[in-house]
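Reckoned from all heavy atoms, side chains included, excluding hydrogens, waters and symmetry mates. What you see is a predicted model, and the numbers here were worked out from it, not measured in a lab. For ligands, and for the atoms within them, numbers begin at 1 and follow the listed sequence.
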Amino acid sequence: MLTLYHGWRSSASRRVRLCLAEKGLAFESRIIDLTKMEHHSPAFLKLNPNGVIPLLILEDGRSLYESGTICEWLDETYPEPPLRPVDPYNRAVMRNWIRHVDGLIGNLIVFNWAHSMAKVAQQWSDAELAEKLARVPSRERREAWLRTARRPYTDDERAEARGRLVSGLLDRMEETLGQTPWLAGDRYSLADIGAVPFVKRLDEEIAPDEMASTRRPKVAAWWASIQARPAFHVARIEPFNAQAGQG
Ligand SMILES: N[C@@H](CCC(=O)N[C@@H](CS)C(=O)NCC(=O)O)C(=O)O
């Protein structure tokens, strides 16, 4: 059986759970508690040197990281129902969407880490913080942990991050969905799955007003169809406060 190291509230983990749910695939669930820095343990870093979740362990014991890559592997290995466009151009468009959304993650961190991660990190002593930061593999994430623990993002920074998510994601989606029913053509694909966890957070906390059908009718209709899919519930894309304490 497949084994998934993940977090209930982690956006990248949510993508993989959605993909698994669409395909009706069962998996063994291993929750990684980000507030305990379990993803920076030597054993975890050996499997994913980037020190982030999700991480998938295949049935033969090999491991894979990067949510977009994991989803592509799942679709290639378990082709039904297909989640990648057949047309090579649309398939390339799908990959560009995933890459684009990946590039917006820093803006989501500003909001997502202000929940349970901040509560825990702010309690660490300077010595504990230094010891934990030393194990974070990337400079960007070291900075994000430092900010979360000691210098919470300001209102101006939150407003800027919100603006980048609204224009970089919602505006771009509205434009695309005015041309095709889904982000990478005529069928629901990994491009849509890639955007779901971000849109969920915009809808529930970051910018619910921007999701109104009067403001962005295409995005609002897309979001209603996404939430009506059984996989959305199986994958437990739930409000942050319903999954509190999960990091
Ligand atoms: N590009 C990666 C991003 C993974 C990622 O940022 N995971 C977050 C949770 S959504 C994480 O592990 N954060 C903890 C940290 O950075 O310390 C992917 O798509 O898998």
Side-chain angles (χ1 to χ4, degrees), residues 4-20 29-57 63-75 94-122 124 128-150 153 161 165 169 190-202 205-206 235-238 240 243 245-247:
L4 182 66
Y5 288 80
H6 66 121
W8 291 114
R9 306 200 301 187
S10 143
S11 298
S13 302
R14 287 176 164 193
R15 282 177 170 178
V16 175
R17 291 204 308 272
L18 265 176
C19 187
L20 289 162
S29 167
R30 301 265 173 88
I31 297 298
I32 291 288
D33 189 337
L34 300 178
T35 64
K36 292 191 179 138
M37 294 287 203
E38 289 176 349
H39 54 311
H40 296 144
S41 69
F44 190 92
L45 287 173
K46 215 168 166 182
L47 298 174
N48 181 358
N50 297 334
V52 287
I53 50 174
L55 172 75
L56 186 74
I57 311 294
S63 57
L64 257 188
Y65 51 87
E66 272 303 316
S67 58
T69 310
I70 295 172
C71 288
E72 283 222 46
W73 179 85
L74 284 170
D75 196 48
M94 175 201 84
R95 292 197 178 110
N96 271 353
W97 262 107
I98 296 170
R99 182 181 288 207
H100 175 67
V101 177
D102 282 347
L104 293 169
I105 186 75
N107 301 295
L108 204 63
I109 283 176
V110 168
F111 297 93
N112 287 3
W113 291 27
H115 291 266
S116 53
M117 284 158 87
K119 273 195 200 90
V120 174
Q122 285 167 8
W124 295 333
E128 283 170 328
L129 178 61
E131 184 265 322
K132 289 173 198 301
L133 290 182
R135 289 196 277 134
V136 181
S138 86
R139 193 179 55 77
E140 289 81 9
R141 296 301 169 90
R142 249 193 319 279
E143 173 68 11
W145 276 107
L146 180 63
R147 293 296 310 265
T148 303
R150 290 293 184 268
Y153 295 100
L165 287 167
L169 188 57
L190 298 181
D192 303 287
I193 286 181
V196 166
F198 282 61
V199 173
K200 172 71 180 161
R201 295 290 296 132
L202 282 154
E205 179 189 341
I206 303 169
R236 295 193 49 195
I237 314 298
E238 296 166 1
F240 252 38
Q243 297 181 323
Q246 304 287 351

Regarding [X] and [Y], do their side chains bring together a donor and an acceptor under 3.5 Å, going by distance alone?
| X | Y | answer |
| --- | --- | --- |
| R201 | N112 | yes |
| H115 | E205 | yes |
| R14 | S67 | no |

Fill in: Parallel, tilted or perpendicular, as decided by the 30° and 60° cut-offs, for the rings of W145 and W113
tilted
Discussion item. Tell me the closest heavy-atom pair linking S29 and H6, and the distance in Å.
Written reply: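 That closest heavy-atom pairing would be OG-NE2, 2.7 Å.
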Distances under 3.5 Å, N/O of ligand 1 against N/O of the protein: list each pair and its distance.
{"from": "ligand 1", "atom 1": "1 (N)", "to": "E66", "atom 2": "OE1", "distance (Å)": "3.0"}
{"from": "ligand 1", "atom 1": "1 (N)", "to": "E66", "atom 2": "OE2", "distance (Å)": "3.0"}
{"from": "ligand 1", "atom 1": "6 (O)", "to": "R141", "atom 2": "NH1", "distance (Å)": "2.9"}
{"from": "ligand 1", "atom 1": "6 (O)", "to": "R141", "atom 2": "NH2", "distance (Å)": "2.9"}
{"from": "ligand 1", "atom 1": "7 (N)", "to": "I53", "atom 2": "O", "distance (Å)": "2.8"}
{"from": "ligand 1", "atom 1": "12 (O)", "to": "I53", "atom 2": "N", "distance (Å)": "2.9"}
{"from": "ligand 1", "atom 1": "16 (O)", "to": "R141", "atom 2": "NH1", "distance (Å)": "2.7"}
{"from": "ligand 1", "atom 1": "17 (O)", "to": "H39", "atom 2": "NE2", "distance (Å)": "2.8"}
{"from": "ligand 1", "atom 1": "17 (O)", "to": "W145", "atom 2": "NE1", "distance (Å)": "2.8"}
{"from": "ligand 1", "atom 1": "19 (O)", "to": "S67", "atom 2": "N", "distance (Å)": "3.3"}
{"from": "ligand 1", "atom 1": "19 (O)", "to": "S67", "atom 2": "OG", "distance (Å)": "2.6"}
{"from": "ligand 1", "atom 1": "20 (O)", "to": "S67", "atom 2": "N", "distance (Å)": "2.8"}

Fill in: Verdict with reasoning, R236 to W8, per side-chain contact (heavy atoms from CB on, under 4.5 Å)
CA-CA 7 Å; R236 295 193 49 195; W8 291 114; 3.8 Å; yes
